[in-house]
Structure formats: structure tokens, C-alpha cells
Amino acid sequence: MDLVIDELKVFSGTAHPELTKAVCEYLEIPIGKSEAFKFANDNTFVRILENIRQRDVFIIQPTCAPANDNLMELLIMIDACKRASAGRITAVMPYYGYGRTDKKDQPRVPITARLVADLLTAAGADRILTVDLHAGQIQGFFNIPVDELTAMPILNRYFRAKEISDLVVVAVDIGISKRARDVAESLNAPLAIIEKRRLGNEDSTEILNVIGDVKGKTALTFDDEILTGGTVVNAAKALIDAGVTEVFCCATHPVFTKAAPGIIAKSNFQEVVVTDTVPVPAEKRNGKIIVLSVASLLGEAISRIHKGNSVGDLFHD
Ligand code: R5P
């Protein structure tokens, strides 16, 4: 039998069809034909509507809200592709949901990020392609290859073009400080760190301290994701109190709650710059929120994975 693994097929789950469309435009291929719906009993059903025997299949599905539905649909799509004899299946998860539950830091709690890895593998995924995991160590929860891309060059380019003098990059908590340092280096700026404390398992946080010299500077806060907006908005307040003149924000994943855009609109930020790893519908946009696309980054990575070329070489910005 002739192997046709050289034929690339990109399918979309229902979480983010606009991103899949933009990725397929970059790749100059049509979106793979499939359907997904729920029966009256709430069971998800998926059908691949074209032949994918031995094809190199990529399924694009960020596991953002509704996280359980989107994850389950992705698992079912992988299962459908496996049973349709796909040659190789890559789960493309621009946002890896449950990434924050990545360690046993309280008694009797799960490590759901690991459970999700096991589910994806059991369903039949051969590879994972993702963007800015909450913690890079999640890669090690898989025994299949994981390509983790970063949106940092896209965000860095945006701020470099602004030519802000006296910039300081601010990690909004200690956990993100290593990646914030990379942003600071790329923008040729010093780094400051905010000491933040999460209040139990609540979504609220408390700022304890601004570490570093920020007075009289323009601050750029950096985080991997924005949910309620509490972390970054409190960081902006603390930075203004510490004497910064202006404050900008950048983060990869806009997993905004319903209230987050309103909180951002009233914040001290000049701009909150995010990417489209997660959909940002019109009702969640406002004048302060700038959305940059990761479609060409994902498209180029898919093309390189498909052709067996280096993905790492993509990151020389
Ligand atoms: C937490 O560790 C993450 O890096 C983010 O800081 C967090 O998800 C932001 O959440 P929120 O916007 O609700 O403060």
C-alpha cells in the first residue's frame, strides 16, 4: 500500500474555528471536513467527513472554556481519526486547559494537567503542539513528543516597535519571573518582580511587594494568562503606587472571564496586549485590549513538523 503520510490535513474542533481558518490560510490548504454536535442526552458526537487513511492529521482545539466540553470533543476527534486509520495525529492545543493544576501543592489534590496528558495519549494522539504552557514541566507529563511554541517573539516585536524609553519589564508573580526575564532581555530592559499571594483556592490575589527599581519608568507587565484580570490589574495599581509613569500589559492567553474586559477597561493600563490562542469574541473586546494572532506561528510550526524540519529555528526573532 502507498503511504500518504506526506498529505497534511488540518481539522478544527468547535472551540476556535477562526484560528483554524487563519492557520489553513497560512498553509494554503482547505480546512478538513468534519462535524461535531451534541445529542439530546448531552453526548458529544464527531464525524470526519473525508478520507484520512495514513494522512498526517492536525486537530486544532484550545481547551479553554467550556474546558470540559472542549477537551472531551478533542479526545473524541482524536479517537475518530485513529479509528479512521490516520497515519499520525497531532493535537494542536494553543491553550492547554487545566495547566494550572500541575502539582500536588495541597493534601489530597489531583494533578489534572497530568491526567489530561494521559487522556490525550490514551485517545491516540501521537504528538502535541501547544503554546506557552503554564509550566514547561508539563511537557514531561507526556511520553509522546510535545512541541511547545512561545508567543513571546510576537509580543516582543509589538513592544519593540513602540520604542519605549526607560522601560522596565515586570513579572506579575515569582513563578513567571524566568520567562519575564527573557522578555526583558529581548527588549533590552531591566526586570522587576511583583510578589503576589493567591488567597487559598479563590480567584483573588494579594500583592505583597514590588521588587526592583520602577520609579519614573514605563512598566510592561508579563504573565502567561489573564483570567479574572485580578493579578494584572492589582499589579498595575501597585506599580503606579511605586511611581511608574505608564503601564502596559502583555500575556499570551486571554482566558477572560465575563467580567475581565470591564475590569481591564477601568484599569491603569494603557494597553493589554494578548494573542488569539483563545477566542476573544466582540463582546470581550474594548479599546484597551489588543489581540495579536498566533496563526502564522502555528501554521509555520505545523508545516515544519509535517516536513520534519526544525521547530526551534522558528524562534530567532
Ligand atoms: C497564575 O499562576 C497565572 O500565571 C496567572 O497569573 C493567573 O491565571 C491570572 O489569573 P487572574 O487573571 O484571575 O488573576
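Read the numbers this way: they start at 1 and go in the same order the structure lists the ligands and their atoms.
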Asks: Below 4.0 angstrom from a heavy atom of Lys196, which ligand 1 atoms are there? Numbered from 1 as shown, please.
Replies: 6 (O)
Asks: With a 4.0 Å cut-off on heavy atoms, is Asp223 in contact with ligand 1?
Replies: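 So Asp223 counts as touching ligand 1.
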Asks: Looking at Phe11 versus Phe58, is the centre-to-centre ring distance below 6.0 Å?
Replies: no
Asks: Is it the case that ligand 1 has an N or O less than 3.5 angstrom from some N or O of Leu227?
Replies: yes
Asks: Do Tyr96 and Glu148 have a side chain donor and acceptor closer than 3.5 Å?
Replies: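 Judged by distance alone, the side chains do not pair up.
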Asks: Taking the side chain as every heavy atom from C-beta outward, state whether Gln137 and Leu133 have any atom pair closer than 4.5 Å.
Replies: no
Asks: Taking 4.0 Å as the limit for heavy-atom contacts, which would you say applies to Thr228 with ligand 1: side chain only, backbone only, both, or neither?
Replies: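 Both backbone and side chain.
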Asks: Suppose I only count heavy atoms of His134 and a 4.0 Å limit; which atoms of ligand 1 are within that range?
Replies: 1 (C), 2 (O), 3 (C), 4 (O)
Asks: Would you check whether Gly229 reaches within less than 4.0 Å of ligand 1, judged by its heavy atoms?
Replies: yes
Asks: For atom 14 (O) of ligand 1, which of the options Thr252, Asn234, Thr231 provides the nearest non-hydrogen atom?
Replies: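 Selected option, by shortest heavy-atom distance: Thr231.
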Asks: Do the non-hydrogen side-chain atoms of Tyr98 and Thr63 ever get within less than 4.5 Å of each other?
Replies: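 No. Closest side-chain heavy atoms not under 4.5 Å.
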Asks: Check the side chains of Thr231 and Lys196 for a donor-acceptor pair under 3.5 angstrom, ignoring hydrogens and angles.
Replies: yes
Asks: Mind checking whether Leu27 and Ser303 have side chains closer than 4.5 Å, heavy atoms only?
Replies: yes
